[in-house]
Each structure stands twice: as structure tokens, then as C-alpha cells.
Amino acid sequence: MGTPRIPVFAANWKMNLLRADALGYVARIRAELPPGERRVLLLPPFLLIPEVVAAVGGDPRIAVGGQDLHPEDAGAYTGDVSGRQLRDAGCGFVLCGHSERRADHRETDEMVGAKLRAAQHNGLGPVLCIGESLAERDAGSTAAVLARQLDAALGGASQPPGSGLVVAYEPVWAIGSGRTATPAIAQESHAFVRRHLARRLGGEVATAVPILYGGSVKPDNCAALFGLADIDGFLIGGASLDPGSFLDIIGRCGPSAPEVFS
Ligand code: PEP
């Protein structure tokens, strides 16, 4: 029996690409996406979101999301973008707590939780990013870190905090480093995350939530990770910047029937 979850392939462009690149990228994905049951999520920089949404043109195979959001819907927050604005621009998802935001912008677990609630309150599926640092892994505290990050983000919820929740396990030491978690490490962490979600939100919810792996995923290492029981797709940074490489990863992990992204 296969996974009950539809695979997700998310492209985190970070602070890369210009308008013309984005248009060419989307056109190529739309033209060359192989048939199969999967969800593609494009995460452009804020400025490119309207352009990308227009280029996607309502194609049901592709969703667009933001890389971050402010916990408030509106107000005097210079330089920030709200979930309300992302939704208005045509986004369906948003990253919450990417390790680069946690490190570079000092986002705490509590702030990430507030962002997650803001996402859901605005009808956006939060892609909750969690993961341990190398020091935390070496100290044997990976499980404790993941549990803390999940608990803080989920707050007091005993039910899934709205629909559309996706979790991305991204060991910090693997992001942009060229160092990927071994399949055994990745599966162990993903299984822990799913067990923890089951404790918090019940088995049915835990079974339904896609858990993505992120950290130096490339065409030559994706298939070994994708085959594992609790890995439901990928959040990809560097290797998603080139549409050919992103399509290559998708093609190597392809399932079989078409699916509409709701
Ligand atoms: C990321 O930014 O979420 C990421 C996983 O980056 P990379 O694939 O470059 O490691």
C-alpha cells in the first residue's frame, strides 16, 4: 500500500531570480511537468508573487506561496508583509519559521507559532519549518528540539490549527551546505515528527499531514530519500533555482495519476 499522502515538491527561491527568470521558469514547469499525482509549490520572493501567480494562470497543478509573513494582518510594520496580503495576491501557502528567518531575523519558536496562526486565520496553508543545528544533533537533543519547535508552533491546539498544515523537517546543518541527511537520519526524524503530531493532534491528522524533507536535496540524492515511509516530498532551495533541475527531481520521484491542487 502506498502513502495516503500526495507528494509535495516545494521550490524555495529565497532572494533569487528576476521577473524574466520567473516567467520563463513558470512556463517551463507548466510545459514539462510530468503527469502524476503530486503538488508543486513555488515560493518566490514577495516582489515576484503577482507575476508568478499570473504566469501560473490558475493551473491546478501548481500553488504559489510566500516565504514569510508578519503575525498581524495590517499595521505599522515597515518592510513586512501580512498573511492577508499574501492571500490577496493569490498565495495558498506560506513558510513559517524557515531556519534562515530563525537565525538571521531572530525568530523565536513563539513568533513562529504566531505566524502559523496568522497564516491559517488568513486561509493560507502554513509550511512549518523545523530542524536541529549540528550542535544540537551532536548533543543528542534532536528529538527534544523538534518536539519543542512543534509544540511552540502548535500552541495549545489539540486539533490541527486549521487545514493545509505541512511540516518541513530541515536539519540546519544540511541547508545550503551540500551535506544531505542520510536516508536513515531523515526517516528517523520524520517518523519522530509524525509520532509527535499523533500525540498532539491524533493519529488521523498525523497520517494526513505531509512531512517534507529539506537540506541540499538534488537530482542525485532525491530518490533515496523519497522512497522512505514518512518522507512525503521536498522543500528545495538551491536545486530549485534551475527549473531543469527542479523538474529532474520531480521526475525521479514521480508517482502516477493527475491530481488537482486544492
Ligand atoms: C531551504 O532553503 O529550505 C533548503 C532546503 O535549501 P537547500 O536545498 O539549498 O539546502
Side-chain angles (χ1 to χ4, degrees), residues 7-17 21-22 25 29 39-46 48-49 52 63-69 91 93-105 107 109 112 115-116 119 124-134 136-137 142 145-146 149-150 153 165-183 185-187 189-190 193 209-226 228 230-253:
V8 179
F9 297 86
N12 180 10
W13 294 357
K14 308 193 184 186
M15 197 176 70
N16 292 294
L17 306 189
D21 306 317
Y25 189 112
I29 299 289
R39 295 170 166 177
V40 170
L41 172 58
L42 302 179
L43 300 158
F46 291 136
L48 296 182
I49 286 174
V52 169
V64 181
Q67 298 175 14
D68 183 41
L69 77 167
C91 288
F93 290 81
V94 63
L95 296 183
C96 298
H98 190 281
S99 66
E100 286 155 11
R101 301 289 317 174
R102 293 180 190 257
D104 301 343
H105 299 268
E107 287 190 11
D109 289 333
V112 174
K115 291 183 176 203
L116 185 143
L124 298 165
V127 181
L128 170 63
C129 302
I130 57 173
E132 81 286 2
S133 67
L134 191 55
E136 289 164 337
R137 169 155 289 275
T142 297
V145 170
L146 299 181
Q149 292 176 334
L150 283 169
L165 176 65
V166 176
V167 175
Y169 168 63
E170 301 204 298
V172 177
W173 46 272
I175 296 179
S177 65
R179 194 176 153 192
T180 320
T182 62
I185 286 178
Q187 169 55 25
S189 295
H190 280 234
V193 170
V209 171
I211 306 177
L212 314 185
Y213 171 79
S216 296
V217 172
K218 304 215 168 3
D220 63 4
N221 61 24
C222 60
L225 293 159
F226 186 73
L228 301 171
D230 288 294
I231 297 187
D232 305 316
F234 299 118
L235 176 53
I236 308 162
S240 77
L241 296 181
D242 169 26
S245 140
F246 186 49
L247 283 163
D248 195 1
I249 291 171
I250 293 171
R252 287 170 192 250
C253 305

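In each ligand, atom 1 is the first atom listed, and ligand 1 is the first ligand listed. No experiment lies behind these values; they were computed from the predicted model shown. All residue numbers in this chain count up from 1 along the given sequence.
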Shortest protein heavy-atom distance from atom 8 (O) of ligand 1, along with the residue and atom involved: Gly237 N, 2.9 Å

Protein contact to atom 5 (C) of ligand 1 [nearest heavy atom, distance to 0.1 Å]: Glu170 OE2, 3.0 Å

Side-chain touch Leu228/Tyr213, heavy atoms, less than 4.5 angstrom: no

Minimum side-chain heavy-atom gap Pro219-Arg252 below 4.5 Å: yes

Proximal atoms of ligand 1 relative to [X] (non-hydrogen, under 4.0 Å):
X      : answer
Leu235 : 3 (O), 5 (C)
Gly215 : 5 (C), 10 (O)
Gly176 : 7 (P), 9 (O), 10 (O)

Please name the pair of heavy atoms, one in [X] and one in [Y], separated by the smallest distance, quoted to 0.1 Å.
X      : Y      : value
Asp232 : Phe226 : C-CE1, 4.4 Å
Leu43  : Ala10  : CD1-CB, 4.2 Å
Leu69  : Leu95  : CD2-O, 4.3 Å

Intermediate values then yes/no, side chain to side chain contact (heavy atoms under 4.5 Å, CB included), Leu41 and Val127: CA-CA 10 Å; Leu41 172 58; Val127 181; 4.1 Å; yes

Gly238, Ser240, Gly131, Ala174: member with heavy atom nearest to atom 9 (O) of ligand 1: Gly238

Contact with ligand 1 for His98, non-hydrogen, under 4.0 angstrom: yes

Non-hydrogen atom of Ser216 closer than 4.0 Å to ligand 1: yes

